[in-house]
Amino acid sequence: MSSTFNALMDRIHRCQECAHHLPLAPKPILQADPRARILIAGQAPGQRAHDSGLPFDDPSGDRLRRWLGVDRETFYDPAHFAIVPMGFCFPGKVRSGDAPPRPECAPNWREPLLKALPNIQLTLVLGRYALAYHLPQLGATVTGAVEQWEDVWPEYLPLPHPSPRNQAWFKRNPWFEEQVLPRLQAQISTLVPSGD
Ligand code: SF4
């Protein structure tokens, strides 16, 4: 890894930019390596990821890995997957769930970091903040964006949130599992050859 990339990651991990807005001390939770070919663009780490330091180490992550057809070892290999949310630190809670990602993070850190990931070939876009950033042309609703997935495939794929709380969405939209996931898994297997 280049010293420039390492220096950028060091600066991210020392960031205090919006510390006064965060409920806990800044602790950026992300995974990145210039070799990565797949980017997971999510919202922001939750309390559990803040505590463990590991993103998607929960039932949502288990479902996401099943969708991708990869095991934990492959998922947490930064040479394969970059995990770069819209906000890097746990933003706290609001009445409806986790607070939105801090807006300071994307212009300060996310943009230079994405430029330092030259091998990304597929970006998985999770949630409305990542959708607004990466795929504004698909509209503001996650369901509407997922329904238009073929317009941006195979460079991007908008995804519903893999949370168990989203069961009703999965039931209402069986085409997602039937039509989208086989294409996704085939693409992942070309980008992450087994045994690699
Ligand atoms: S959320 Fe982003 S901008 Fe704010 S302290 Fe964490 S790394 Fe810095």
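Counting starts at 1 for both ligands and their atoms, following the listed order.
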Just to be sure I understand the site: which N, O or S atoms from the protein are less than 2.8 Å away from atom 8 (Fe) of ligand 1?
C15 SG
Looking at E17 and R102, does any basic side-chain N land under 4.0 Å from a carboxylate oxygen?
no
Residues sharing F90's hydrophobic cluster, by side-chain heavy-atom contacts under 4.5 Å among ILVMFWY, directly or via others?
L24
Y133 six-ring centre to R128 NZ/CZ under 6.0 Å and within 45° of normal:
no
Between F170 and W67, what is the ring plane arrangement, given parallel below 30°, perpendicular above 60°, and tilted in between?
perpendicular
Which donor-acceptor pairs under 3.5 Å do side chains of residues 172-181 form with protein atoms, sequence neighbours excluded?
from : atom 1 : to   : atom 2 : distance (Å)
N173 : OD1    : W175 : NE1    : 3.1
N173 : ND2    : W169 : O      : 2.9

Set of residues satisfying side chain to side chain donor-acceptor pair (under 3.5 Å) with respect to N166, sequence neighbours excluded
none
